[in-house]
K.L.:
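Please see the structure below; I have some questions.
When a ligand or atom number is given, it counts from 1 through the structure's own listing order.
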Amino acid sequence: MRAFFLGLLAATTFVAADHGKADADLAWFQSEIDLLAKLQARLTGSPTHNILIAHIESSLKAIGFFVQSDTISFSYNDPPVVQPILAVHGQLQSIQLAGAIPYSGTNLSTVTGKLVNVMTTNSSAATDWAPAKGAIAIANLTNTALNFNTLFGTWSTLPVPFPAAIGVPAVSAVGGTNLAAAADAGVRGVVYVWDGISTELADAQYIPFQESNPAIPGVFVATSKAAEQLVAAAASGSTGTLSLPEVRIPNVHSRTLYVVVPGTDKSLRNETAILSTHTDGVNALEENGHIALLHYAKQLKAHPPRRTTILLFVTGHMHYGQLVPAPQRATNVWLSAHPELWNGTVGKTAVFGSCVEHLGGVKFVENLSKNTYTITDALEPEWLFASSSSLASLTQELWSGVEPNITRVLNPNTGQIPQSGEGRPLLVAGIPEVSLVTSPPWLLKIYGKDFDERKLINTEALARQVLSFERIWDAADQMGASEFK
Ligand SMILES: *[C@@H]1O[C@H](CO)[C@@H](O)[C@H](O)[C@H]1NC(C)=O
Ligand SMILES: *[C@@H]1O[C@H](CO)[C@@H](O)[C@H](O)[C@H]1NC(C)=O
Ligand SMILES: *[C@@H]1O[C@H](CO)[C@@H](O)[C@H](O)[C@H]1NC(C)=O
Ligand SMILES: *[C@@H]1O[C@H](CO)[C@@H](O)[C@H](O)[C@H]1NC(C)=O
Ligand SMILES: *[C@@H]1O[C@H](CO)[C@@H](O)[C@H](O)[C@H]1NC(C)=O
Ligand SMILES: *[C@@H]1O[C@H](CO)[C@@H](O)[C@H](O)[C@H]1NC(C)=O
Ligand SMILES: *[C@@H]1O[C@H](CO)[C@@H](O)[C@H](O)[C@H]1NC(C)=O
């Protein structure tokens, strides 16, 4: 009886301590979210991005780590403080724009020309730009609803199918815009008339961000009024002027940070694990992955890993087109600079990796007939990838994420689109990986100063995802390299 009583007491004490730690963790997670919400957009190389990098660096140093960094240099587009303008001459009207293509208009940010309608009704045909040579093209773009159940490859039948999804603007813009082809055809600027999307969702989307420096300006319109005005103006042979009042600043620097945490097991001294994220972004979701890495850093300091573990905070994701040739991404800059830490032929071999992106995002609902896009209490379903069937099993067993009882593990080697995000360079480098890159339609929206971005993140869901990653990372550190393949 006494033994039982003591045992129970010990268990109770342990649970209480655990709750205390969980509360402290939640408060810390919230403080990191608060910082991101305060900084808002952190475009690559921008002052707010630099603040976050300095915060991550000082946090790692405070934990007791030696922080290394690599510097990139590029020409930076300071986004316009006044809105881009599209004016139709004749009966002078200003057309309401939804946004502009990042870094577009690199050669000439103000262009004037005849407005020429090149919209196509044939969804499988490429746009014929020729009629708009020397002019401003009015092209069209459709935000097409996605079916995640067929879009992604899976390792086995999903425990519960993905719910119906709307179009993800980042996906439609990558497939549906082509400023390089338009410039090659001598077009001076492009206005994309966007359908299948609510005005609110289309507003201030920073897409497609993967391009290098499109020579000509590209903008989006998403209201039916603006679309009607443009079609009518083109039909009547009107001329227009498109202005992107942004400032180009050469030789801007940004830093990738990394920490090498030495492993304790001599038999694993030729191996590494790479845990990564990126630091630039446009809102409190894109990107908040540093929260998971900083949280784990504290644990790694207290309990060093068996296998040398690299914590990698990459810069340049939001503008990787200028940094690497397609289909590489920002992480490739670091991989190319440090073969000794992963490649195997000239040093250590990375046997496991994880890229953490977009934690705890809430779900919005769109109603196209009402033209609304509104926040809900629900959470956005996860895009969680595992590169091998053994890692898929491990993930299925240890993950408890936004929907604690539903874990959908995706197979990045199959499926209709390549793995999104900065986990893909690990996959392509042959590093077995488990990566999260949930991508709600609002992922790349830049929110205004009056919007409280804390609303975008569910802290408890974020915490579950961070702790799920930590269970996987701890388990992987106890496993042999051959078990990940
Ligand atoms: C715009 O393009 C889509 C294909 O993406 C097509 O289905 C639609 O009919 C086009 N709209 C117009 C107005 O041409
Ligand atoms: C649509 O475009 C595709 C590709 O160019 C072409 O093969 C097809 O014939 C076109 N369909 C129509 C109805 O014009
Ligand atoms: C833009 O400028 C670059 C560099 O001067 C040049 O190589 C390129 O041809 C220009 N592109 C267009 C479409 O004018
Ligand atoms: C580590 O690599 C070195 C150099 O390639 C090799 O000599 C050594 O045997 C390796 N150690 C282990 C434990 O595999
Ligand atoms: C590793 O580096 C060597 C030498 O640069 C190169 O030949 C090899 O392809 C690299 N391996 C991988 C997996 O990238
Ligand atoms: C969208 O709004 C319309 C009009 O209020 C309504 O009839 C319809 O059910 C709504 N659709 C969805 C998916 O909620
Ligand atoms: C998951 O748990 C929630 C809350 O307990 C419950 O409402 C939901 O039905 C469960 N879903 C599945 C698929 O078990």
K.L.:
Would you say atom 7 (O) of ligand 6 makes contact with the protein, given that contact here means a non-hydrogen protein atom less than 4.0 Å away?
P.N.:
no

K.L.:
Do side-chain atoms of Asn143 reach the backbone of Gly167 as a donor and acceptor pair under 3.5 angstrom?
P.N.:
yes

K.L.:
Can you confirm whether some protein heavy atom lies under 4.0 Å from atom 11 (N) of ligand 3, or whether none does?
P.N.:
yes

K.L.:
Could you tell me the residue and atom name of the protein heavy atom closest to atom 5 (O) of ligand 6, and the distance to it rounded to 0.1 Å?
P.N.:
Lys370 CD, 3.4 Å

K.L.:
Just to confirm my output: which protein heavy-atom neighbour is closest to atom 9 (O) of ligand 3, and how far is it?
P.N.:
Asn107 ND2, 4.8 Å

K.L.:
Measure up the Phe364 and Trp442 rings against each other and bin them: parallel (under 30°), tilted (30 to 60°), perpendicular (over 60°).
P.N.:
tilted

K.L.:
Side chains of Thr241 and Thr112: any donor to acceptor distance under 3.5 Å?
P.N.:
yes

K.L.:
Numbering the atoms of ligand 6 from 1, which are under 4.0 Å from a heavy atom of Asn367?
P.N.:
1 (C), 2 (O), 3 (C), 8 (C), 10 (C), 11 (N), 12 (C), 14 (O)

K.L.:
Can a non-hydrogen atom of Thr345 be found less than 4.0 Å from any atom of ligand 5?
P.N.:
yes

K.L.:
Is the distance from the ring center of Trp342 to that of His338 below 6.0 Å?
P.N.:
no

K.L.:
Please work out which of the three classes, parallel, tilted or perpendicular, describes the rings of Phe209 and His317, given edges at 30° and 60°.
P.N.:
tilted

K.L.:
Fit a plane to each ring of Tyr258 and Trp334, take the angle between them on a 0 to 90° scale, and name the class: parallel (under 30°), tilted (30 to 60°) or perpendicular (over 60°).
P.N.:
perpendicular

K.L.:
Atoms of ligand 6 less than 4.0 Å from Ser369 heavy atoms?
P.N.:
1 (C), 2 (O), 3 (C)

K.L.:
With no hydrogens and no angle check, is any side-chain donor or acceptor of Glu453 less than 3.5 Å from a backbone partner on Ala284?
P.N.:
yes

K.L.:
Tell me: protein heavy atom nearest atom 13 (C) of ligand 3, and distance?
P.N.:
Ala215 CB, 3.6 Å

K.L.:
Which atoms of ligand 5 have any heavy atom of Asn343 under 4.0 Å away?
P.N.:
1 (C), 2 (O), 3 (C), 8 (C), 10 (C), 11 (N), 12 (C), 14 (O)

